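What follows is a short report on a single structure.
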Protein chains: 2
Amino acid sequence: MAKSVTSGTAEARPVLTRARIVAAAVRLIERDGAKALSMRAVAAELGVAVMSLYNHVPGKDALLRGVAEHVVAGMDFDGAAEASWADRARALVRAFRTVAHDYPRCMTIVLTHRADGSIALRPAERALAIAAEAGFDSVTAVRVTRVLMAYALGTQLREVGMTKALDRLTDFTALDPAEFPHVLASADELARNDSEADFEFGLDLLLAAVEALPRRPGFDQASAR
Amino acid sequence: MAKSVTSGTAEARPVLTRARIVAAAVRLIERDGAKALSMRAVAAELGVAVMSLYNHVPGKDALLRGVAEHVVAGMDFDGAAEASWADRARALVRAFRTVAHDYPRCMTIVLTHRADGSIALRPAERALAIAAEAGFDSVTAVRVTRVLMAYALGTQLREVGMTKALDRLTDFTALDPAEFPHVLASADELARNDSEADFEFGLDLLLAAVEALPRRPGFDQASAR
DNA sequence: TACGCCAAACGTACGTTGTACGTACGATCG
DNA sequence: CGATCGTACGTACAACGTACGTTTGGCGTA
């Protein structure tokens with residue numbers, strides 16, 4: 001009672017489904033920008049009528065949540081299990097950064113419309129697992145997880161905002177030298193935008209600090225390499 | 001050629017101005033939510049015609065940028081100048097968190113529509129100043145600034161997303177125990193949401209790591225307490 | 001085989017949105 | 001006193017999200 005694909009003949013019409021709708025939305029966002037996403041555009045992309053979408057998606061907001069979920073579901077973290085917990089944590093945060101790089105124009109939506117489905121919990125589960133294996137007690141593990149999430153989100157957010165702002169700000173010299181001495185002194189440094197290095201810098205910083213945290217009593221830190 | 005307030009008589013009509021428009025927008029967002037912001041609503045709030053707004057604001061996007069600027073302009077950081085650089089950094093990040101608390105429903109906009117005006121550079125200037133006084137070389141100073149920004153942004157973003165997701169997610173028990181063992185084990189810890197403590201925890205972590213960073217050669221770290 | 005049923009695709013229609021454009025009016029300046 | 005200009009206004013339009021009623025094609029049952 002849910003398995004009809006026009007019976008035998010396969011793909012005269014690929015059948016409309018939630019997954020196909022979300023995929024079309026993602027494609028469309030990456031092509032024309034998040035602002036250009038409309039139900040009508042998605043329908044056109046799929047060659048169907050607008051209201052047909054509503055048989056599979058409650059509304060636009062839900063569709064956007066679907067987009068967010070689709071993107072985070074694309075996170076690929078199966079880093080070597082034998083690596084140190086820090087390396088695995090690194091891999092996890094990098095995985096988020098990677099999808100952010102793969103779906104740049106979807107990021108605004110991912111950051112805005114937090115997904116709630118179980119798919120979105122996968123990264124949290126992974127982070128908690130890593131923190132637990134590292135020997136932190138449960139409250140510390142949750143906190144570490146949250147800090148890592150905040151850093152992952154914040155880095156991407158800052159980066160997106162940066163590139164968007166740099167498109168507008170061309171008059172770096174029009175600043176009041178009395179009010180912004182340090183900004184002007186570091187103008188070159190600020191303009192040069194090695195986001196990758198900055199990202200790794202902050203990540204190392206954070207993980208080093210986490211590493212220094214006390215473990216749960218009786219935990220053999222040396223053997224958990 | 002820009003100073004007429006209906007001549008003498010002061011306030012029969014408070015005069016329409018960009019600042020008043022932005023203020024009305026902020027008020028409206030905090031009252032009815034960001035989703036309810038429309039040019040028509042702003043005009044109604046001010047008791048003017050819709051198109052009159054366009055004499056002071058190029059369009060809705062610009063208005064939203066104005067809202068973002070207004071909010072970050074509300075940051076108040078004049079922490080004791082004699083405090084250690086770490087304390088001043090703490091105060092700076094906290095200042096952002098404070099405005100986030102004062103304008104909760106505006107935060108989505110602040111995080112999404114990065115402001116580019118000079119007002120928005122004030123926090124950056126402050127951060128760079130602190131980092132410089134702490135004795136970091138220019139490239140490190142910029143990186144530290146960026147990490148702090150990422151943390152400030154990310155924390156708020158995570159928090160907003162959290163509260164929004166918790167409104168929807170009531171079925172914590174409906175998760176597959178095989179797929180999310182750690183999430184379920186930490187369910188209580190995750191549900192309890194002492195954002196303040198989490199925020200301070202991460203901030204301390206980060207600043208401790210920054211403190212351990214090497215200073216620029218010849219810098220007397222002890223005297224910079 | 002024939003029939004009825006139901007999910008899913010469709011089309012029409014309504015209210016709301018952002019904003020382009022033309023008009024009206026009061027103050028300022030020559 | 002007439003010209004000019006900045007600002008407020010009103011109308012108008014295209015595009016949006018989506019509520020609602022209609023059509024249709026494939027399946028289970030008789």
Side-chain angles (χ1 to χ4, degrees), chain A residues 1-26 28-29 31-68 108-109 112-113, chain B residues 1-26 28-29 31-68 108-109 112-113:
Chain A
M1 58 169 71
K3 257 313 177 47
S4 61
V5 192
T6 338
S7 247
T9 73
E11 53 227 333
R13 291 281 190 79
V15 184
L16 197 52
T17 178
R18 181 192 157 94
R20 262 171 44 80
I21 293 176
V22 169
V26 170
L28 211 146
I29 291 175
R31 183 175 350 116
D32 304 333
K35 195 70 178 301
L37 184 83
S38 72
M39 292 297 170
R40 287 172 162 85
V42 174
E45 173 86 9
L46 291 171
V48 299
V50 191
M51 292 312 292
S52 304
L53 304 175
Y54 285 81
N55 288 320
H56 307 269
V57 170
K60 192 185 186 182
D61 260 16
L63 175 56
L64 291 180
R65 281 212 309 274
V67 168
T108 316
I109 300 191
T112 305
H113 296 71
Chain B
M1 61 167 70
K3 256 320 178 40
S4 62
V5 191
T6 336
S7 249
T9 71
E11 54 226 336
R13 290 280 190 79
V15 185
L16 197 52
T17 178
R18 180 191 156 93
R20 263 172 43 82
I21 293 176
V22 170
V26 170
L28 211 147
I29 292 176
R31 181 173 355 112
D32 304 333
K35 195 68 178 302
L37 184 82
S38 72
M39 291 296 164
R40 286 171 162 84
V42 174
E45 172 86 10
L46 292 171
V48 299
V50 190
M51 293 313 291
S52 304
L53 304 175
Y54 285 80
N55 288 319
H56 307 270
V57 170
K60 190 184 186 182
D61 260 15
L63 175 56
L64 291 180
R65 282 212 309 273
V67 168
T108 317
I109 298 186
T112 306
H113 295 71

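Convention: sequence-line order gives letters A, B, ...; per-chain numbering from 1. This one's a predicted model, so the numbers in the text were calculated from it and none came from an experiment.
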Whole-Å gap separating [atom2] ([N]) and [atom1] ([X]):
X       : N      : atom1 : atom2 : answer
B/Leu53 : D/dC9  : CG    : C1'   : 11 Å
A/Leu16 : C/dC10 : CG    : P     : 8 Å
B/Met39 : D/dC13 : CE    : P     : 22 Å
B/Asn55 : C/dA24 : CG    : P     : 17 Å
A/Lys35 : C/dT17 : NZ    : P     : 15 Å
A/Ile21 : C/dA9  : CD1   : C1'   : 11 Å

For the side chain of [X], counting heavy atoms from C-beta on, which of [options] is nearest?
X       : options               : result
B/Lys60 : D/dC16, C/dT17, D/dT7 : C/dT17
A/Val50 : D/dT18, C/dA9, D/dG17 : D/dT18
A/Met51 : D/dA8, C/dG11, D/dC9  : C/dG11
B/Ser38 : C/dG18, D/dT18, D/dA8 : C/dG18

Is there a side-chain polar atom (N or O) of A/His56 under 4.0 Å from OP1 or OP2 of C/dA9? yes
I want to check one thing: is the phosphate of C/dA8, taken as OP1 and OP2, less than 4.0 Å away from some side-chain N or O of A/Ser52? no
Quick one: on DNA chain C, does B/Tyr54 or A/Arg40 contact a more 5' nucleotide (nearest heavy atom)? A/Arg40
Does the pair A/Glu45/A/Arg20 count as a salt bridge with the N-to-O cut at 4.0 Å? no
Rounded at 0.5 Å granularity, tell me how far CG in B/Leu16 sits from CG in B/Leu46. 6.0 Å
For the residue pair A/Ala36 and A/Ala41, what are the closest heavy atoms and their distance? O-CB, 4.0 Å
Please confirm whether the backbone N or O of A/Val48 pairs with a side-chain atom of A/Ser52, one donor and one acceptor, at under 3.5 Å? no
